There are 2 protein chains.
Amino acid sequence: MATTLKDIAKKLGISEATVSLALNNNSLVNEKTKKRVHEAAKELKYFPNMVAKGLATNKSNTIGIIVPDINIVFYANILRAIDEVVNRAGYSLLAAMSNNDPQIEEEIIRTFISKRIEGVLAVPTNKPTKFLTSYQKALREYNIPLVYITSLYTIDEIRYVMGDIREGTYMLIKHLTDLGHRNIVFIGGNRTVPTTSLRREGYSRALGEKGIPVFAENLIECEDIHYDQAALVTEELIGRRRDFTAICAMNDEMALGVINTLQKAGIRVPEDVSVVGYDNTIFSKLSMVGITSMDSDIEGTCQQAVDMLLQVVRGEIPEEPHIMTKPAMIKRQSSGPVKETEN
Amino acid sequence: MATTLKDIAKKLGISEATVSLALNNNSLVNEKTKKRVHEAAKELKYFPNMVAKGLATNKSNTIGIIVPDINIVFYANILRAIDEVVNRAGYSLLAAMSNNDPQIEEEIIRTFISKRIEGVLAVPTNKPTKFLTSYQKALREYNIPLVYITSLYTIDEIRYVMGDIREGTYMLIKHLTDLGHRNIVFIGGNRTVPTTSLRREGYSRALGEKGIPVFAENLIECEDIHYDQAALVTEELIGRRRDFTAICAMNDEMALGVINTLQKAGIRVPEDVSVVGYDNTIFSKLSMVGITSMDSDIEGTCQQAVDMLLQVVRGEIPEEPHIMTKPAMIKRQSSGPVKETEN
DNA sequence: CTGTTAGCGCCTTCAC
DNA sequence: GTGAAGGCGCTAACAG
């Protein structure tokens, strides 16, 4: 059915090996025969069999990536960026979704290993641990490098590249305090998860610099970090009190929930209350007022993650196993000076 | 490095073949040795080499999918659904993005063939054609079945599964006319592309049934079908006239742009103007008012697409090469009775 | 420069 | 029930 090296070798009356070399543009083979081979290949509609090549070379030329759920915009953004970078680097990408389930994550790794992936990138499930999981051990066994994007792990030996959310949140809160805000609510997720706790650190630091105390009641914890939850806690919040002049949500989707809820209650943004989000995703453009947000530089982060991974794949040792990329503030209309009458 | 069949055969003092059979749970081999083999495999941390297996069996056990851009929520939804269905069917999924570029699409197909994919699913780029493209011919050459999801092609020989958007739009418009609306604006994309033209047919039919004429000025064409464009044309629209009482956008993201723009202008939804979207994506929940939308039953559609593909892979001939799946209306608050004073 | 030869790891007859 | 042998398509020495 499929035409093989042998077919084109036979047709040209030369050896398979020569054809192979010619197809790979090896300089050993004469330009003339190269051209003949390429022409014959095209004529016979030859498609190299990567499976056979993979077996022969013991290289799959593909790297794998695991994301929790592609229906979450942020992860989709990451996957897309990774796809681009990996392809540009001449590798194939094999993507899989873990559904935030460590067991599925492990299964995925198993099939990755079976496919002889050369390296794996992962946005890990959010169950942090201080121990090497079994799949991490398996990867090590097979000498397959692993780089996390947005890590939750605090184990030194585990490489990761992540956006500096602590710094990013600091910048956002500083932006608000510079505008005169002193009573700022932070809406995040579970306080024990790094993606929230790191942000809280940035929040506290920014307030501290202005001598503003951190009040526990301004730190809201959500069960999940999506629109509905944010809308819900905002509704509860404004039912309880209205002394705050700004709200910082841990991502844009939540910020959108906050804004819509405020507006529905007749609270104007940013005139009455300023709102900021994070990640500069599409959500930051979907309200009547553009949302001030932090751009995590997903492209840059992914580029660095792939670079680091490929370094290890090539057997080099990256100088720095942990990289924090710098985010940039995107100022839109949802944040403004504190309301005069509040003072 | 990696442990192979041979390693475990050697350890157990039996032949490779037996180990292979045992690992594949072949009934020929004695239960006892099977157990021994499985234990040894686990002990030696054996991971089957799918590359070798693929070469030997000439089956990759994976199917490929091409979507235009995973950053578009609707496509991300599709990819996720496909991933689930394909995995459940015991196949691996290899995903790739075309960026809506036919050339990239072709490259992807090339690598798919090289990887000896057993079938391909595709959400095609939106450049319709009546001819078989070169990659379609290549797939045929290699006997690799192809099924489109949401097809633009009108070639009989090309299989596809798509949501019935004509019917869905009909249902939405009928919903509006039943509520008393007669002056309904439809905001779509390029009129020559099936995803818009089919919807227009549904629109016209629903109006026709109530004896309402179709006015050209109520059919708005957008260059791209996203939020910003929708917001823009809505702004122009309300600058020009305000006689309409309802707006139907071709997707939820656009409907959201419409609603936000209307509200910013002080036009209430649904009191003054009703708005409906399509696809029942996350966007339909992101405004102050929930958006009435059509659920395209992505899961069902994807299930059928995979079923059809696997049928062909197995050499069966699906009875019906073209399937239209039925959508369901999701009624939310953005649509209501026509404003009394308009009459 | 080109051809020969041996595998890569696994599966699949076919004997025993 | 189990073993031996050949081959999947390609690459990688090594000869010539």
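Below, chain A is the first sequence line, B the second, and so on; all start at residue 1. Here the structure is a predicted model, which means the values were calculated and not measured.
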**Q** In whole angstrom, give the distance that lies between atom CD1 of B/Ile8 and atom C1' of C/dG9.
**A** 13 Å
**Q** Answer yes or no: does a side-chain N or O of A/Thr18 lie under 4.0 Å from OP1 or OP2 of C/dT2?
**A** no
**Q** Taking only side-chain N and O atoms of A/Ser15, does any of them lie within less than 4.0 angstrom of OP1 or OP2 on C/dT4?
**A** no
**Q** Would you call B/Glu43 and B/Lys11 a salt bridge, using N to O less than 4.0 angstrom?
**A** yes
**Q** Which sits closer to the 5' end of DNA chain C, B/Ala17 or B/Ala52, going by the nucleotide each is nearest to?
**A** B/Ala52
**Q** Within the pair B/Thr33 and D/dT2, is there a side-chain N or O less than 4.0 Å away from OP1 or OP2?
**A** yes
**Q** If you measure only the distance, is there a donor-acceptor pair under 3.5 Å linking the side chains of A/Thr325 and A/Gln304?
**A** no
**Q** Starting from P on D/dG3, measure out to CG on B/Leu28 and report it in whole angstrom.
**A** 13 Å
**Q** If only side-chain N and O atoms count, and only distance matters, is there a donor-acceptor pair under 3.5 Å linking A/Ser92 with B/Lys115?
**A** yes
**Q** Check whether any side-chain nitrogen or oxygen of A/Asn24 sits under 4.0 Å from OP1 or OP2 of D/dT11, and answer yes or no.
**A** yes
**Q** How long is the line joining NZ of A/Lys35 and P of C/dT2, in whole Å?
**A** 14 Å
**Q** Indicate whether OP1 or OP2 belonging to D/dC10 is found under 4.0 Å from a side-chain N or O atom of A/Ser20.
**A** no
**Q** Does a nitrogen or oxygen in the side chain of A/Lys53 sit under 4.0 Å from OP1 or OP2 of D/dG9?
**A** no
**Q** A/Arg116 has an atom CZ; how far is it from atom P of D/dC10, in whole Å?
**A** 21 Å
**Q** If we ignore angles and hydrogens, is there a donor and acceptor under 3.5 Å between the side chains of A/Glu106 and A/Ser134?
**A** yes
